[in-house]
There are 2 protein chains.
Amino acid sequence: MSEEEPEMDGPEAVDECADHTRVRDREATRQRILDSARELFTRDGYAQVSSRRIAAHAGVNVALINRYFGAKRGLLAEVVAEEAVFPGVFEGDPATLPRRIAEQLVHRARGEATPLQRALEHSAGDPDLQAIYAERLESAMLVPLAGHLSGPDARTRASLAVLTILGLGTLRRVEGATALAEGDAGELTERFTSIIAACLAETVSPQSGPSGD
Amino acid sequence: MSEEEPEMDGPEAVDECADHTRVRDREATRQRILDSARELFTRDGYAQVSSRRIAAHAGVNVALINRYFGAKRGLLAEVVAEEAVFPGVFEGDPATLPRRIAEQLVHRARGEATPLQRALEHSAGDPDLQAIYAERLESAMLVPLAGHLSGPDARTRASLAVLTILGLGTLRRVEGATALAEGDAGELTERFTSIIAACLAETVSPQSGPSGD
DNA sequence: GGTATAAGTAAACGGTGTTGACTTGTCAAG
DNA sequence: CTTGACAAGTCAACACCGTTTACTTATACC
């Protein structure tokens, strides 16, 4: 019984006397829904937040969600579309790309991800969101990453790196924040760097389990 | 309009005249529910299968699910507990462990996972299942894997390998089966082997992004 | 000022997981 | 064989979900 009741008044008690010229403002209402959705999705995850709760938080009627966004799914799609995944990481010197990705991964492992990244981790499994998630993965990660790789099998190598990024999200979601948060950050960065480097390697030489099959 | 209607009679039309001695059999009913749940969860994923559908498929009343398993969640918990994740992979020569894991990963990448593994991939994001998933991850993967590692930071290194395994599941779930299925299986095995080896490496040497930060 | 139209609303629909009160079949004791 | 107790199974309801439809109401233009 603290400040966590979901039935709060709204982000701001809508003062209908502020401006007489516009009370019914489509764009403002839309934005209010979007802001509430982002806040609640970020805090609790997609499946945990009901349409009615979003509407109550935004101080609007439930039906407006479907009117403006088609369905609840459309709300998350719009929220997701706003945010960059790893801004600028995939651009730059390919030689130091693994290290840059690794640094982002360590940030995420230590809970310093953007709230929306966390929201997506919460929401990854929902099949309702698969199309949204797939599109985002493709356009924001696989394509730019593969585009900056030289050599053969760029797509496969990019997939392997993305796989690692996704795996960290899943591990954090399932195991909690403690999974890789302990230990030296520098060493973890080194580990991730070598892992990503292995993912992105142009050629792979047989290791540890030699040719004897 | 083929054979996919979910409203079929059940796994077998329950013939109440087969044996007059026992019509009300607690254990048989429980098992029937469990079998139906496994089949449907495997085929469609946890969230897509409703309690009522499971009950209808098993030919029992919905309330029995909660009577016998507490809640729908309990059904999945029991189904999951029955199945081994990677039988025997973590035991054996540590030197060839990365290759054994890699071979399992390639199997999974090519869609040859056990149906239950696929079901779990479908269902990973559901927070209702987080505790089940976490327990399974811990007892079936992290603990045995870390236990067979020598050297420092066994837990961290095991987490990194598990992270890769989980990432493949997420990638498959989001991107579909085509993600890593194309291409030469042998080469993919080599790639995964080197990645897992990087995850499990006892020590890590600075790579590619050198000391200049 | 009157009116078309968009913004916002209320109530319902079918669906979900879950629960409690109820019925009924089975088995053992009298 | 009858009777009772108890477990197995049933039914109807609860509260909630996402969504849709018909409706009211405020706004902006003529």
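Reminder, nothing fancy here: chain letters follow the sequence lines and each chain counts from 1. As the structure is a computational prediction, the values presented were derived from the model and not from experiment.
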Asks: Would you say S51(B) reaches dT16(C)'s phosphate, i.e. side-chain N/O to OP1/OP2 under 4.0 Å?
Replies: no

Asks: Within a 6.0 Å radius of atom NE2 on H107(B), are there more than 12 heavy atoms belonging to other residues, nucleotides or ligands?
Replies: no

Asks: Quick one: N66(B) CG to dC14(D) P, roughly how many Å, whole number?
Replies: 18 Å

Asks: Has the side chain of R67(B) got a donor or acceptor that lies under 3.5 Å from a partner of the other kind on the base of dG9(D)?
Replies: yes

Asks: From C-beta outward on K72(A), which listed nucleotide comes closest to its side chain: dT19(D), dA10(C), dG8(C)?
Replies: dT19(D)

Asks: Considering only side-chain heavy atoms of S50(B), which listed nucleotide, dT16(C), dC11(D), dA8(D), is closest?
Replies: dT16(C)

Asks: Take atom CD1 of I65(A) and atom P of dT19(D), then tell me their distance rounded to the nearest Å.
Replies: 9 Å

Asks: Rounded to whole angstrom units, what separation is found between the CG atom of L64(B) and the P atom of dT24(C)?
Replies: 16 Å

Asks: Rounded off to whole Å, could you give me the OH-to-P distance for the Y68(B) and dA7(D) pair?
Replies: 11 Å

Asks: Would you mind reading off the distance between R53(B) atom CZ and dG15(C) atom P, rounded to a whole angstrom?
Replies: 13 Å

Asks: Would you call V80(B) and L129(B) a side-chain contact if the rule is heavy atoms closer than 4.5 Å?
Replies: no

Asks: Tell me: CZ of F69(A) to C1' of dG18(D), nearest whole Å?
Replies: 16 Å

Asks: Nearest-Å distance, CG (L76(B)) to P (dG17(C))?
Replies: 13 Å

Asks: With distance as the sole criterion, is a donor-acceptor pair present between the side chains of T96(A) and R100(A) under 3.5 Å?
Replies: yes

Asks: Of the options dT21(D), dC17(D), dT10(D), whose atoms approach the side-chain atoms of A63(B) most closely?
Replies: dT10(D)

Asks: Would you say the side chains of E135(B) and S139(B) form a donor-acceptor pair under 3.5 Å?
Replies: yes

Asks: Could you state the CG-P distance from N61(A) to dA6(C), rounded to the nearest angstrom?
Replies: 19 Å

Asks: With the side chain of R24(A) defined as its heavy atoms from C-beta on, choose the nearest nucleotide among dT26(C), dG20(C), dT27(D).
Replies: dT27(D)

Asks: Between the side chain of R73(B) and the main-chain N/O of I132(B), is any donor-acceptor distance below 3.5 Å?
Replies: no

